[in-house]
2 protein chains.
Amino acid sequence: MSALDQVGSISRPSLHEELTDRLRSMIVEGVLTAGEKVPERALCEKLGVSRTPMREALKVLASDGLLTLEPNRGARVRAITVQELEEVFPLMGAFESLAGELACAQISDAQIKELKRVHEKMLTRYEASDMPGYFKHNQRIHELIMEAAGNRTLITMYNSLAVRVRQARYLANMSAERWKQAVDEHESIIQALEARDGKALSAILKKHLENKFAAVRQWIEDQEP
Amino acid sequence: MSALDQVGSISRPSLHEELTDRLRSMIVEGVLTAGEKVPERALCEKLGVSRTPMREALKVLASDGLLTLEPNRGARVRAITVQELEEVFPLMGAFESLAGELACAQISDAQIKELKRVHEKMLTRYEASDMPGYFKHNQRIHELIMEAAGNRTLITMYNSLAVRVRQARYLANMSAERWKQAVDEHESIIQALEARDGKALSAILKKHLENKFAAVRQWIEDQEP
DNA sequence: TAAATTAATAATGAATGCAAAATGCAAATT
DNA sequence: AATTTGCATTTTGCATTCATTATTAATTTA
């Protein structure tokens with residue numbers, strides 16, 4: 001075995017890949033807001049690239065459901081509709097549920113420890129009423145469970161939905177009760193994981209998401225009376 | 001309201017869309033086989049298009065997981081690995097299971113009738129030992145259940161997995177017993193649907209897929225000893 | 001003046017061109 | 001003879017250009 005075998009090949013992501021990632025972030029972070037036109041030319045100039053890779057990126061994001069391409073009329077940021085949200089949540093529920101079962105079957109002690117660590121941090125943020133901080137750790141916990149499930153296809157599909165839900169920031173608003181409830185649910189999640197009780201965790205995660213959805217739905221109904 | 005308002009606008013799908021569909025079919029139908037390089041230029045000439053829309057299509061298919069793009073080295077048809085298959089099947093199980101529950105909750109009598117019709121046709125094909133014909137109707141039945149679930153997002157995600165599984169034609173080989181078993185399972189599926197028993201259907205569909213997977217896994221093990 | 005038609009402008013879809021990278025091959029070296 | 005090195009060819013990534021379709025502005029006409 002030569003010393004060179006240790007050296008990994010350098011990966012230089014192509015322009016269109018960087019662009020897809022960049023644009024995806026811009027959409028999720030709300031720099032490009034829902035319904036907004038995506039002016040090809042302007043974006044190209046802003047980011048200093050030509051139209052070819054930009055258009056390639058737009059096609060990919062459209063196939064991911066983040067944009068709509070109206071022929072000869074360009075791209076628009078696709079706003080997730082209430083109807084779509086009602087479609088997406090059961091799916092995410094199924095994903096989380098599956099992830100829970102898979103995770104319990106093979107999660108390591110180290111992974112559980114890490115989860116508890118993040119969970120504790122999240123609690124601190126909750127007690128400090130720091131919602132953004134809370135969400136950050138909250139998201140990380142769900143990511144860790146997905147990772148523990150050890151199914152890359154599952155992660156990919158889950159993320160593609162999560163992105164679209166996150167894009168519509170229904171979640172920024174949460175009542176005090178709902179927040180308390182969510183924290184309690186997370187407590188049970190950790191417990192089920194420690195016990196490696198797949199069925200229980202699966203059910204809790206599904207319920208957790210259903211409650212989240214109920215809160216979102218409530219929020220929507222309050223918004224558009 | 002003028003008479004012209006009745007006339008729908010001609011939808012001329014853009015070239016890259018047609019190309020993505022075309023290439024997707026070529027992959028699923030095995031015209032482009034797994035592992036094979038996809039020579040941009042040659043394909044362009046064959047299909048009479050320029051490289052731009054072709055490259056856009058390739059990017060989309062890559063993001064769908066049907067191709068891999070090695071930078072500066074072009075596209076290859078991505079062969080689904082055994083590991084990936086093991087990832088995909090639980091997911092499809094979750095999808096089918098969810099579809100079953102949703103379908104039972106809202107399927108119409110007309111839809112059930114249609115399902116039974118296709119089911120009967122499928123039985124005829126089984127009795128005639130016509131496997132391709134059987135598969136065609138089999139696939140249609142699962143499509144109809146998905147449609148009855150009335151969740152477009154679910155359908156989209158399910159299809160994107162189904163395509164990748166279908167591409168690897170593990171299914172063409174099926175033992176007589178397995179075939180018999182599959183037919184019996186389909187019998188139960190129809191019954192559960194008629195009874196609109198969501199839980200039961202959900203369980204049957206999941207089991208149905210698990211058995212299918214077991215058969216596929218068996219086939220793989222026989223292939224590479 | 002307001003509606004409608006036409007002209008001008010801008011944006012998109014697709015094709016071509018060019019530079020960089022990879023591949024294939026033959027000569028050269030060990 | 002086998003491996004390496006240099007060179008030509010091919011292929012890819014991206015930019016640019018051309019053509020077509022929308023959008024806007026201007027003009028005409030009722």
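Below, each value reflects all heavy atoms present in this structure, side chains not excepted, and no hydrogens, waters or symmetry copies. In what follows, chains carry the letters A, B, and so on, assigned in the order in which the sequence lines appear, proteins first and then strands, with residues in each chain numbered from 1.
Taking for each of Glu56(A) and Arg41(B) the nucleotide of DNA chain D with the nearest heavy atom, the 5'-most of the two is the partner of Arg41(B). Nearest-nucleotide mapping onto DNA chain D: of Lys37(A) and His16(A), the residue sitting toward the 5' end is His16(A).
At least one donor-acceptor pair under 3.5 Å links the side chain of His137(B) to the backbone N or O of Gly133(B).
For the pair Arg76(B) CZ and dT12(D) P, the interatomic distance rounds to 11 Å; values are reported in whole Å. As rounded to whole Å, 12 Å separates atom P of dA11(C) from atom CG of Leu43(A). In this structure, Leu58(B) places its CG atom 13 Å from C1' of dG13(D), rounding to the nearest Å. Between Lys59(A) atom NZ and dT12(C) atom P the separation is 10 Å, expressed in whole Å. For Met54(B) and dT11(D), the CE to P distance is 14 Å, given to the nearest whole Å. One atom, CZ of Arg51(A), and another, C1' of dC18(D), lie 11 Å apart when rounded to the nearest Å. Separating the CD atom of Glu17(A) from the C1' atom of dT12(D) is a distance of 14 Å, rounded to the nearest angstrom. Rounded to whole Å, the distance from CD on Glu18(A) to P on dC14(D) is 9 Å.
Put simply, the side chain of Met92(A) does not reach to within 4.5 Å of the side chain of Phe213(A), judged on heavy atoms. Residues Glu86(A) and Arg217(A) have side chains in contact (heavy-atom distance under 4.5 Å, counting atoms from C-beta outward).
Candidate nucleotides dA15(C), dA22(C), dA15(D) were compared by shortest atom distance to the side chain of Leu15(B), and dA15(C) ranks first. With dT21(D), dG13(D), dT16(D) as the choices, the nucleotide that has an atom nearest any side-chain atom of Asn72(A) turns out to be dT21(D).
Surrounding CZ of Arg178(B) are more than 12 heavy atoms belonging to other residues, nucleotides or ligands, all under 6.0 Å away.
Each of Thr156(A), Leu98(A), Leu102(A) was evaluated against Asn151(A); a single residue qualifies, Leu102(A), per the side-chain contact (heavy atoms from CB on, under 4.5 Å) test.
Under 4.0 angstrom from either OP1 or OP2 of dA15(C) there lies at least one side-chain N or O belonging to Ser50(B). For Arg73(B), a side-chain nitrogen or oxygen approaches OP1 or OP2 of dT23(C) to under 4.0 Å.
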